[in-house]
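Here's the structure we're looking at; comments come further down.
Not measured: the values here are computed from a predicted model.
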Amino acid sequence: GGSKLDSSVDQLLGAAYGPQTYRLVHRLDRHATGALVVAKSRLAAAALAQAFREHRVAKSYVAALHGTPAPPRGAIDAALLNTGSSVVASTASGAKPAATYYRVLRASPAASLVALRTLSGRKHQIRVHCAQVLGCPILGDAKYGAGRTCPLTPAPPGLFLHLARISVPDVDCSGNTSGSSTVTVSAPFPPFWEPVLSELHMPFSARS
């Protein structure tokens, strides 16, 4: 979704199944890729939205970064401030708490493949934490990685941020949960990731 897009998942679902039938319950950053969770009813969507607000959703991202974070695993605890035109790591009044956990999976002299998890879901959280806190912007991030040249030639299109896996409470169409059971949705890497995975000696068929 998003106001600057010509089409959205919501519009495509409405065109295929009719309005108010299927509802997208979360978003990906523009140009990011990965798994999406769609509710089959209004009540299910409301229950899942509540789960997101209460941090009962587990999201596992993979990103390709310029350089390699040091140390190779850790936690980023840096509040974020939305200035309107962008998001910045800040200690100013109005900044909202944000935590990101990361682990380097593979590394080369120019780039690295990193697994990331978030508890909060702030706008552009992973992109800002990688660029401004780790000093390793995501490949293909024109907004927060400006001035950094992609180490691959030719530079593939797209933002190298991928929601590989998401787990949500198992909710029926009436909005009721099935105890503590969850539903997990996984998404393979899109084709434009192949050069990056090859550079990092990871088979394209690999799943995070």
Side-chain angles (χ1 to χ4, degrees), residues 1-2 24-37 47-107 111-146 148 159-171 177 180 182-187 189 196 200 207-208:
L24 186 66
V25 296
H26 69 110
R27 297 285 190 266
L28 297 175
D29 283 359
R30 189 177 185 183
H31 302 310
T33 57
L36 289 172
V37 175
L48 289 170
Q50 182 69 19
F52 274 90
R53 287 192 294 270
E54 295 175 352
H55 307 300
R56 294 185 286 117
V57 174
K59 294 185 285 185
S60 300
Y61 290 87
V62 176
L65 308 184
H66 288 276
T68 302
R73 72 162 57 209
I76 303 166
D77 185 7
L80 300 176
L81 180 67
N82 189 341
T83 67
S85 59
S86 65
V87 177
V88 296
S90 174
T91 57
S93 175
K96 296 182 178 180
T100 302
Y101 301 90
Y102 72 91
R103 176 171 58 92
V104 175
L105 301 174
R106 296 287 181 93
S112 59
L113 195 69
V114 179
L116 305 113
R117 293 186 299 108
T118 62
L119 293 181
S120 48
R122 308 300 182 196
K123 180 179 180 180
H124 297 175
Q125 176 175 327
I126 290 176
R127 296 165 65 186
V128 173
H129 277 175
C130 287
Q132 299 180 11
V133 180
L134 294 180
C136 298
I138 297 173
L139 296 183
D141 193 342
K143 188 176 188 69
Y144 298 105
R148 301 293 289 268
L159 176 68
F160 286 85
L161 176 62
H162 183 69
L163 179 54
R165 186 177 297 107
I166 182 170
S167 295
V168 299
D170 187 2
V171 175
T177 57
S180 59
T182 61
V183 174
T184 298
V185 180
S186 299
F189 293 114
V196 168
L200 295 167
R207 297 292 178 262
S208 57

Ignoring hydrogens, what is the shortest heavy-atom contact between T100 and Q125? Give both atom names and the distance. OG1-NE2, 2.9 Å

S112 side-chain N/O to G67 backbone N/O, donor-acceptor pair under 3.5 Å: yes

Closest heavy-atom pair and its distance - A89, V128: N-CG1, 3.8 Å

What's the separation between atom CG in L80 and atom NZ in K123, rounded to the nearest 0.5 Å? 11.5 Å

Are there more than 12 heavy atoms of other residues, nucleotides or ligands under 6.0 Å from atom CZ of R73? no

Rounded to the nearest 0.5 Å, what's the gap from CG on L113 to CG on L200? Could you check? 6.0 Å

Is the backbone of S86 close enough, under 3.5 Å, to the side chain of H124 for a donor and an acceptor to pair up by distance? no

Would you name the heavy atoms of L28 and T33 that are closest together and state the gap between them? CD1-C, 3.6 Å

Closer than 3.5 angstrom, by distance alone: can the side chain of R127 be matched with the main-chain N or O of P137 as a donor-acceptor pair? no

Please examine the side chains of V185 and L36, heavy atoms only from C-beta on, and report whether any two atoms are closer than 4.5 Å. no

Which pair of non-hydrogen atoms, one from A78 and one from V133, has the smallest distance, and what is that distance? CB-CG2, 3.9 Å

Criterion side chain to side chain contact (heavy atoms under 4.5 Å, CB included) against L116, the qualifying member of I126, V62, L65, I76: I126

With rounding to the nearest 0.5 Å, note down the distance linking OH in Y61 to SG in C130. 11.5 Å

If you define the side chain from C-beta out and look only at heavy atoms, does anything of T182 sit under 4.5 Å from R56? no

Short side-chain to backbone donor-acceptor contact, D141 and Y144, under 3.5 Å: yes

List the atom of R122, the atom of P97, and the distance in Å for their closest heavy-atom pair. NE-O, 2.9 Å

Nearest heavy-atom approach of S90 to L81 is CB-CB, 3.9 Å

Between Q50 and V171, is any pair of side-chain heavy atoms under 4.5 Å apart? no

Could you tell me the separation between the SG atom of C136 and the CG atom of L139, rounded to the nearest 0.5 Å? 10.0 Å

Side chains of I166 and K59: does their closest heavy-atom pair fall under 4.5 Å? yes

Given side chains that start at C-beta, do those of D29 and H31 come closer than 4.5 Å, heavy atoms only? no

